[in-house]
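All heavy atoms count here, side chains included; hydrogens, waters and symmetry mates do not. Residue numbers begin at 1 in each chain, while the letters A, B, ... track the order of the sequences.
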Number of protein chains: 2
Amino acid sequence: MKYNLPHKTIERLSQYRRALLICLEKGQTHIYSHEIARIQHITAVQVRRDLMLIGYTGTLRKGYNVKELIELIGEIIDSSEGINVAIVGMGNLGRALINYFIGKRSHLRIVASFDINPDKIGNTMSGVPCFSIDDLPQIVKEKNIRIGIMTVPAEFASQTADLLVKSGIKGILNYTPKPVNVPDDVYLEEYDMITSLEKVAFYVKLNEQKIV
Amino acid sequence: MKYNLPHKTIERLSQYRRALLICLEKGQTHIYSHEIARIQHITAVQVRRDLMLIGYTGTLRKGYNVKELIELIGEIIDSSEGINVAIVGMGNLGRALINYFIGKRSHLRIVASFDINPDKIGNTMSGVPCFSIDDLPQIVKEKNIRIGIMTVPAEFASQTADLLVKSGIKGILNYTPKPVNVPDDVYLEEYDMITSLEKVAFYVKLNEQKIV
DNA sequence: CTAAAAATGTGAAAAACTTAACACTGTTAG
DNA sequence: CTAACAGTGTTAAGTTTTTCACATTTTTAG
């Protein structure tokens with residue numbers, strides 16, 4: 001199987017699948033590249049290129065088979081056994097993520113959450129139990145958790161990342177506004193909401209200036 | 001002033017500033033390109049290139065003046081009068097965003113939130129009042145809101161975007177998993193947490209396969 | 001005073017990513 | 001039956017973004 005796919009293609013494949021799943025629900029069996037493109041705000045060529053890279057061939061004039069394509073994307077980007085995920089920090093963002101994911105992607109299982117607040121520890125939200133952060137290393141091993149999502153306050157970012165790494169986690173998604181450091185064998189993805197908003201603000205300002 | 005900056009540079013400038021603000025608090029007056037680079041997990045050349053693009057010149061052997069650089073980045077990416085922002089959807093994610101922003105960036109003011117739940121309407125969270133979504137067009141005009149952050153459930157994504165556009169908003173940050181369509185004069189930024197997590201999962205899987 | 005070291009600034013090369021252009025092929029209309 | 005059409009697949013070109021390589025300059029050490 002090909003895995004030297006561009007980073008951007010990986011992201012788009014995930015997005016294509018999301019769109020395709022909606023089509024499947026609606027009973028749509030085939031879809032054209034330009035239909036996918038319109039949904040994702042990209043070009044049809046881009047879509048065809050991505051599908052070419054994963055080796056999927058559509059039917060001429062009929063487009064792509066929705067079900068087949070969903071399955072192929074799954075084979076490429078999912079692990080066959082699924083991956084267990086933990087959320088560290090059960091503030092608003094942590095809870096938002098749990099609500100968001102529940103029942104969405106079966107191969108990504110949120111199996112635990114962690115917090116330091118005694119009021120939260122011991123509770124279960126949408127089937128996800130909340131543990132003390134002190135028990136993190138143990139629970140990570142017991143439950144074979146391989147990805148940690150960090151939704152703790154910024155001041156705890158570094159230590160949380162260190163703890164996750166020490167516990168043997170293999171991927172971190174950091175929603176903290178503070179960048180963290182991890183060893184090379186741990187995959188790190190960081191996202192900062194302020195950056196996104198500032199970017200929007202910049203382009204809004206730019207558009208206004210263009211008009212003037 | 002130069003505004004034909006690469007998209008990526010805009011994002012990084014926002015991130016540099018965040019890092020610089022922390023340095024400023026610590027009392028650090030100067031910083032080297034490689035120090036910024038290490039924090040952001042990029043190369044020093046990249047940092048220097050970005051600063052070159054915005055026309056900032058450091059002091060040889062002393063690095064960049066933290067305070068000056070923060071101010072220059074502000075001149076580039078901020079609007080002088082600031083921008084008013086609204087959050088649509090006061091679920092966990094909406095509340096997370098408010099907590100996240102309060103007191104962080106003075107030029108981005110979250111001045112209103114909207115929901116359909118009568119229990120939430122009329123409340124104030126961290127100084128942000130919650131209005132009925134029915135009043136959105138009016139409030140947007142009254143308060144001169146130019147950016148809307150969408151944190152509503154996916155099924156309301158399209159109609160919320162339409163409403164925001166019709167109300168005269170100029171930028172949308174869509175945290176819904178459903179892509180929306182807006183006219184060309186409205187800047188749209190979309191972010192999907194599932195895509196990010198799936199990306200992490202993909203690279204975790206990939207790393208494991210490399211080892212085997 | 002001079003050489004080595006350590007930083008910035010930048011033209012040019014390289015890499016990553018996107019788009020154009022077009023060959024190809026079923027499908028449809030006449 | 002044939003021409004026009006509307007889709008896919010892909011090579012090549014173009015664009016954007018990153019990195020290399022190195023000239024330049026200040027500081028430090030001897």
>> Can you build the contact string for nucleotides 24-30 of chain C? Use B for base contact, S for sugar-phosphate-only contact, and - for no protein heavy atom under 4.0 Å.
In response: -BBS---
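Taking a 4.0 Å limit (strictly below) on heavy-atom distances, residues 29-45 of chain B reaches DNA chain D at B/Thr43, B/Val45.
The salt bridge (Lys or Arg N to Asp or Glu O under 4.0 Å) analysis of residues 166-179 of chain B, with sequence neighbours excluded, yields the pairs B/Lys170-B/Asp185. The ring-ring contact (aromatic ring centres under 6.0 Å, His included) analysis of residues 77-110 of chain B, with sequence neighbours excluded, yields no pairs. Screening residues 25-51 of chain B for salt bridge (Lys or Arg N to Asp or Glu O under 4.0 Å) gives B/Arg12-B/Asp50 as the qualifying pairs, with residues at least two apart or on separate chains.
Checking A/Pro6 against B/Tyr64, the closest nucleotide of DNA chain C that is more toward the 5' end is the one next to B/Tyr64. Taking the nucleotide of DNA chain C with the nearest heavy atom to each of A/Arg12 and A/Arg48, the more 5' of the two is matched to A/Arg12.
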Interface polar pairs with nucleotides 12-15 of chain C, N/O, under 3.5 angstrom:
residue	atom	partner	partner atom	Å
C/dA12	N6	B/Arg49	NH2	3.4

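Judged as a side-chain contact (heavy atoms from CB on, under 4.5 Å), and not counting sequence neighbours, the contacts of A/Ser126 are A/Ile98, A/Asn99, A/Ile102. Legend: residues meeting ring-ring contact (aromatic ring centres under 6.0 Å, His included) with B/Phe114, ordered by chain and number and at least two apart, are B/Phe131. In this structure, the ring-ring contact (aromatic ring centres under 6.0 Å, His included) partners of B/Tyr203, at least two apart in sequence or on a different chain, are A/His7, A/Tyr187. Every side-chain contact (heavy atoms from CB on, under 4.5 Å) that B/Leu21 has, sequence neighbours left out, goes to B/Arg17, B/Ile70, B/Arg105. A/Ser14 meets the side-chain contact (heavy atoms from CB on, under 4.5 Å) test with A/Ile77, B/Thr195, B/Glu198; sequence neighbours excluded. Shown here are the side-chain contact (heavy atoms from CB on, under 4.5 Å) partners of A/Lys67, two or more places apart in sequence or in another chain: A/Leu24, A/Asn65, A/Glu71.
At whole-Å resolution of the value, NE2 in B/His7 and P in C/dC17 are 16 Å apart. A straight line from CG of A/Leu69 to C1' of D/dT8 spans 14 Å, rounded to a whole angstrom. Counting to the nearest Å, the C1' atom of C/dC17 and the CD atom of A/Gln46 are 7 Å from each other. For the pair A/Lys8 NZ and C/dT19 C1', the interatomic distance rounds to 14 Å; values are reported in whole Å. Atom C1' of nucleotide D/dT19 and atom CE of B/Met52 are separated by 13 Å, given to the nearest angstrom. Spacing between atom CG of A/Leu51 and atom P of D/dT8 amounts to 9 Å, rounded to whole angstrom units. Here D/dT18 presents its P atom at 8 Å from CG of B/Asp50, a figure rounded to the nearest Å.
Which of D/dG9, D/dA21, C/dC17 sits closest to the side chain of A/Thr57 comes down to D/dG9.
A/Glu11 and A/Gln15 form no side-chain donor-acceptor contact under 3.5 Å, judged by distance and modelled atom types alone. With hydrogens and angles left out, the side-chain atoms of A/Tyr64 and A/Thr59 include no donor and acceptor closer than 3.5 Å.
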